[in-house]
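Please read through the structure below; I'll follow up with questions.
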There are 2 protein chains.
Amino acid sequence: MAEPTDIPRAVIQRISIYLRQLERLTVDDVETISSAQLGKAIGSSDAQVRKDLAYFGQFGRRGVGYNVPALARALRTILSLDREWRVALVGAGNIGRALCTYRMFRERGFRIVALFDDDPRKEGCTWGRLKVRPMRDLARVVRNERIELGIIAVPQAGAQAVAEQLIAAGVRGILNFAPIRIHPPGGVEVCSVDLAIELQQLAFLTAHLHR
Amino acid sequence: MAEPTDIPRAVIQRISIYLRQLERLTVDDVETISSAQLGKAIGSSDAQVRKDLAYFGQFGRRGVGYNVPALARALRTILSLDREWRVALVGAGNIGRALCTYRMFRERGFRIVALFDDDPRKEGCTWGRLKVRPMRDLARVVRNERIELGIIAVPQAGAQAVAEQLIAAGVRGILNFAPIRIHPPGGVEVCSVDLAIELQQLAFLTAHLHR
DNA sequence: AGTTGTGAACTGATTCACAGCC
DNA sequence: GGCTGTGAATCAGTTCACAACT
């Protein structure tokens with residue numbers, strides 16, 4: 001077992017993927033699975049599965065494998081998905097709308113409880129149950145709504161300022177969709193999704209594919 | 001210099017990021033930059049920058065640094081961004097809409113030239129210049145429009161089938177937003193963006209942050 | 001017999017450090 | 001003096017291989 005802080009990000013990502021697969025297996029009433037089967041389903045090796053799990057403890061029975069519902073429960077706890085996460089979304093544009101309605105967020109316990117945008121034309125509009133609020137309300141709402149995570153879905157130009165405001169308001173984790181690097185102070189985590197870079201990488205790989 | 005096929009994905013991603021930074025510098029009329037400066041701007045070391053570039057050739061002048069516009073040009077060529085990429089988007093939902101209007105795709109030469117969705121209520125609707133077409137038209141349109149890349153923005157259940165249809169239609173690269181692993185045959189590249197996993201990773205990191 | 005858990009070996013990526021050039 | 005390009009050294013992540021257990 002290891003300190004949570006020195007677990008590689010790749011391991012955490014794979015643990016998330018194992019959990020998703022285990023939940024599918026639970027629906028199909030599969031009781032038990034081996035590391036080899038689980039690895040095959042998600043595209044890694046048996047050894048990789050076992051090593052990843054070993055960061056967090058011992059979950060299997062030798063000669064048998066892993067109990068599917070029990071392992072799923074354990075992984076949910078490890079990933080802190082056994083509780084609700086309250087989230088602020090900044091940016092009421094097209095990406096914001098897509099994230100707002102993304103089912104899998106809600107299924108996993110992520111609740112977008114506040115929506116911000118500084119475009120005065122959007123202010124006061126409602127998206128489902130959410131009202132678009134101006135950025136000047138951010139700090140107050142984050143505090144009152146006990147919001148822990150922020151999502152940045154604004155264009156590049158505004159993103160750095162939004163990050164600073166989220167951090168100042170007390171948010172502890174940020175998911176950033178803007179194409180900039182955010183330098184958080186200690187005590188704040190940032191994960192970034194850079195759509196243009198993903199597509200560029202795909203273009204490179206495709207162009208150099210020997211058919 | 002190395003064969004394009006054995007360049008790590010991480011290197012390609014960083015090269016994309018260097019290019020973005022260089023284009024910002026070009027706008028600001030910066031002529032020359034050192035590996036240390038470039039690295040600092042995007043959060044890696046000087047040695048990392050030089051090693052990454054070394055996969056593709058020699059671009060700098062010792063004692064001086066790199067010429068910004070020249071290096072940007074070279075990186076655009078390396079990444080195959082010096083041409084247009086024709087793209088099919090499958091899934092006229094919220095994520096599809098966000099991708100359709102995403103500026104940075106267009107700025108980089110990616111043109112979404114066809115939009116598909118099998119929901120009959122959406123069929124025939126238009127998004128900007130794009131008409132929503134049924135999946136049965138996919139193969140013909142991909143051929144006629146000389147489409148090389150596909151984006152999957154449909155829910156999990158349909159994603160595998162969509163991938164197969166795209167591949168059968170002759171697409172050579174796929175950007176996948178559905179939460180499944182796609183097993184492409186040789187000659188096809190897949191990159192995946194898994195939004196739920198990104199947010200879960202953020203939750204894990206945030207939960208285990210020693211404040 | 002079958003499968004886990006894990007130290008050891010290996011592979012790949014990053015950082016170091018310095019020769020070579022401007 | 002300053003900075004690149006690169007081999008050598010280090011570090012991290014993955015795979016191997018087998019003892020321990022059911």
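Proteins come first, then strands; the chains are lettered A, B, ... in the order of their sequence lines, and each starts at number 1. A quick note: this is a predicted structure, and the numbers were derived from the prediction, not measured.
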**OP:** Using atom CD1 of A:I12 as one end and atom P of D:dA12 as the other, report the distance to the nearest whole Å.
**Re:**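 Checked: the CD1 to P distance equals 16 Å.
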**OP:** Give a yes/no on whether any side-chain N or O of B:R62 is located under 4.0 angstrom from OP1 or OP2 of C:dG20.
**Re:** no
Subject >> Rounded interatomic separation in angstrom, taking CG from A:D52 and P from D:dG13 >> reply: 11 Å
Original post:
Is any side-chain heavy atom of A:I7 less than 4.5 Å from a side-chain heavy atom of A:F56?
Top reply: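 Yes - at least one pair of side-chain heavy atoms lies under 4.5 Å apart.
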Subject >> Most 5' of A:V64 and A:S44 on DNA chain D, judged by nearest nucleotide >> reply: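 Whichever sits nearer the 5' end wins; that is A:S44.
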**OP:** Round to a whole Å and report the spacing from CG of B:N67 to P of D:dC3.
**Re:** 16 Å
Original post:
C:dC18 C1' sits how many Å from B:R50 CZ, rounded?
Top reply: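 The answer, rounded to whole Å, is 11 Å.
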Subject >> Atom-pair distance (NZ on A:K40; C1' on D:dT15), nearest Å >> reply: 19 Å
**OP:** Compare side-chain N and O positions of B:Q48 against OP1 and OP2 of C:dT15 and report whether any pair is under 4.0 Å apart.
**Re:** yes
Original post:
When you check the phosphate oxygens OP1 and OP2 of C:dG12, does a side-chain N or O of B:Y55 lie under 4.0 Å from one of them?
Top reply: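 No, outside the criterion.
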**OP:** Take atom CZ of A:R14 and atom C1' of D:dT15, then tell me their distance rounded to the nearest Å.
**Re:**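 My rounded result for the distance is 12 Å.
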**OP:** Choose from C:dT4, C:dT6, D:dT6 the nucleotide whose nearest atom is closest to any side-chain atom of A:S34.
**Re:** C:dT4
Original post:
Quick check: are there more than 12 heavy atoms from other residues, nucleotides or ligands sitting under 6.0 Å from CD of B:E31?
Top reply: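 Counting neighbours around CD of B:E31, 12 or fewer heavy atoms of other residues, nucleotides or ligands fall under 6.0 Å, so no.
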**OP:** Just say parallel, tilted or perpendicular for the rings of A:F105 and A:Y102, cut-offs at 30° and 60°.
**Re:**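 The rings of A:F105 and A:Y102 stand perpendicular, inter-plane angle above 60°.
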**OP:** Could you check A:G63 against A:G60 and say which one's nearest nucleotide on DNA chain C is further toward the 5' end?
**Re:** A:G63
Original post:
Rounded to the nearest Å, what distance is computed from the CG atom of residue A:L53 to the P atom of nucleotide D:dG13?
Top reply: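 In whole Å, D:dG13 P lies 17 Å from A:L53 CG.
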**OP:** Answer yes or no: does a side-chain N or O of A:S35 lie under 4.0 Å from OP1 or OP2 of C:dT3?
**Re:** no
Original post:
With respect to the phosphate group of C:dT6, does any side-chain polar atom (N or O) of A:Q58 fall under 4.0 Å of OP1 or OP2?
Top reply: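 Yes, such a contact exists.
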**OP:** Can you measure from OG (B:S44) to CG (B:L38) and round to the nearest 0.5 angstrom?
**Re:**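 Here the rounded value is 7.5 Å.
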**OP:** Using the closest heavy atom to pick a nucleotide of DNA chain D for each, name whichever of A:R61 or A:V11 lands nearer the 5' end.
**Re:**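 Comparing both residues, the 5'-ward one is A:V11.
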Subject >> Residue pair A:L138 / A:L166: nearest heavy atoms and the distance that separates them >> reply: CD2-N, 3.8 Å
**OP:** Ignoring backbone atoms, test whether A:Y66 places a side-chain nitrogen or oxygen under 4.0 Å from the OP1 or OP2 oxygen of C:dG2.
**Re:** no
**OP:** Measure the distance from CG on A:D46 to P on C:dG5 and round it to the nearest whole Å.
**Re:**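 So the two atoms are 12 Å apart, to the nearest Å.
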